[in-house]
Amino acid sequence: MSFKEQVISQIKQIPQGKVATYGQIAALAGSPRAALMVGRILHSSSESEQLPWQRVINSKGRVSIVNLSYPAELQAQILREEGVVVEKRMDSYYIDLNRFLWRI
DNA sequence: AAGGTGACTAACA
DNA sequence: ATGTTAGCCACCT
């Protein structure tokens, strides 16, 4: 099973109403420092697979999606529907990791 | 096969 | 406290 597949499988396991960081997912997939890869994998496979990409954020609790395939606005909206509190500051969206970070 | 790259992170200035 | 720099490592070409 490739790192990529492990990442995808882990992301699929993030429960609704929770979020995870790239670093965390990378660690779960077996390579704690391949956080960048996680983002890359998401970017490339989020459309083909049905991944909750909106639940994956960076270490500061900030949405990294900003101006790519989807507007950060959409991510924030989806998360709020799941019960996650998303704070909007300037142009970015922040999430309270202490409350919503997914823990195993 | 080798090198460039990225939806990152943590450490510094 | 914000901005920059340098590691990072598996994927893609």
Side-chain angles (χ1 to χ4, degrees):
Chain A
M1 196 171 196
S2 70
F3 174 78
K4 175 180 175 182
E5 293 171 310
Q6 302 211 43
V7 167
I8 291 175
S9 117
Q10 284 298 337
I11 290 175
K12 282 182 175 169
Q13 290 175 51
I14 302 174
Q16 190 177 53
K18 296 280 183 176
V19 296
T21 67
Y22 293 96
Q24 181 181 11
I25 296 297
L28 291 174
S31 301
R33 328 224 159 161
L36 198 43
M37 268 323 286
V38 175
R40 189 184 230 230
I41 291 168
L42 253 57
H43 185 58
S44 63
S45 353
S46 63
E47 306 214 9
S48 48
E49 308 272 341
Q50 289 190 346
L51 298 176
W53 52 268
Q54 67 279 15
R55 294 181 193 147
V56 183
I57 60 185
N58 67 21
S59 66
K60 308 258 169 37
R62 188 161 79 74
V63 171
S64 314
I65 313 299
V66 202
N67 319 340
L68 296 170
S69 336
Y70 303 92
E73 216 175 274
L74 173 63
Q75 178 176 23
Q77 184 186 324
I78 296 173
L79 286 172
R80 278 194 282 253
E81 285 174 4
E82 294 182 346
V84 177
V85 175
V86 182
E87 293 178 55
K88 179 177 184 176
R89 275 188 197 171
M90 317 288 276
D91 296 341
S92 307
Y93 292 85
Y94 290 82
I95 292 161
D96 182 353
L97 290 179
N98 290 314
R99 290 191 46 185
F100 301 106
L101 181 63
W102 175 44
R103 305 174 185 200
I104 313 174

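Chain A is the first sequence line, chain B the second, and so forth, proteins listed ahead of strands; every chain is numbered from 1. Nothing here was measured: the structure is a model prediction, and the numbers come from that model.
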From the candidates dT9(B), dC9(C), dG6(B), the one with an atom nearest any side-chain atom of Leu36(A) is dG6(B)

Where the side chain of Ser64(A) is defined as all heavy atoms beyond and including C-beta, which of dC11(C), dC8(B), dA10(B) is the nearest nucleotide?
dC8(B)

Rounded to whole angstrom units, what separation is found between the CH2 atom of Trp53(A) and the P atom of dC8(B)?
14 Å

With side chain to side chain contact (heavy atoms under 4.5 Å, CB included) as the test, would you mind laying out the steps for Leu97(A) and Val19(A) before giving the verdict?
CA-CA 8 Å; Leu97(A) 290 179; Val19(A) 296; 4.3 Å; yes

Taking for each residue the nucleotide of DNA chain B with the nearest heavy atom, is it Lys60(A) or Gln75(A) whose nucleotide lies nearer the 5' end?
Gln75(A)

Would you say the base of dC11(C) and the side-chain of Arg40(A) have a donor-acceptor pair closer than 3.5 Å?
yes

Expressed as a whole number of angstroms, how long is the span from Arg89(A):CZ to dT2(C):C1'?
14 Å

Between P on dG4(B) and CE on Met37(A), what's the gap in Å once rounded to a whole number?
17 Å

Are any of Ser31(A)'s side-chain N or O atoms less than 4.0 Å away from OP1 or OP2 of dA10(C)?
yes

Ile25(A) CD1 - dT9(B) P separation (whole Å):
11 Å

Glu5(A) vs Ser2(A), test: side chain to side chain donor-acceptor pair (under 3.5 Å). Steps then yes/no.
CA-CA 5 Å; Glu5(A) 293 171 310; Ser2(A) 70; 3.3 Å; yes

Quick check: on DNA chain C, is the nucleotide nearest Lys4(A) upstream (toward 5') of the one nearest Arg33(A), or the reverse? Name the residue that is more 5'.
Arg33(A)

Go through the steps to decide whether Ile78(A) and Leu74(A) satisfy the test side chain to side chain contact (heavy atoms under 4.5 Å, CB included), and finish with yes or no.
CA-CA 6 Å; Ile78(A) 296 173; Leu74(A) 173 63; 3.9 Å; yes

Checking all strands, does Phe3(A) fall into the base, sugar-phosphate, or nothing category for heavy-atom contacts under 4.0 angstrom?
sugar-phosphate

Could you measure the distance from the NZ atom of Lys4(A) to the OG atom of Ser44(A)? Nearest 0.5 Å is fine.
5.0 Å

Taking only the side-chain heavy atoms of Ser2(A) (C-beta and beyond), determine which of dC8(B), dA10(C), dC11(C) contains the nearest atom.
dC11(C)

Any side-chain heavy atom of Ser9(A) sitting closer than 4.5 Å to one from Met1(A)?
yes

Interatomic distance, Arg62(A) CZ vs dG3(C) P [rounded to whole Å]:
11 Å

Rounding to a whole Å, what distance do you find between Leu42(A):CG and dC9(C):P?
20 Å

Separation of His43(A) atom NE2 from dC8(B) atom P, in whole Å?
11 Å

Separation of dC11(C) P from Glu49(A) CD (nearest whole Å)
14 Å

Phosphate oxygens OP1/OP2 of dT9(B): is one of them under 4.0 Å from a side-chain N or O of Ser59(A)?
yes

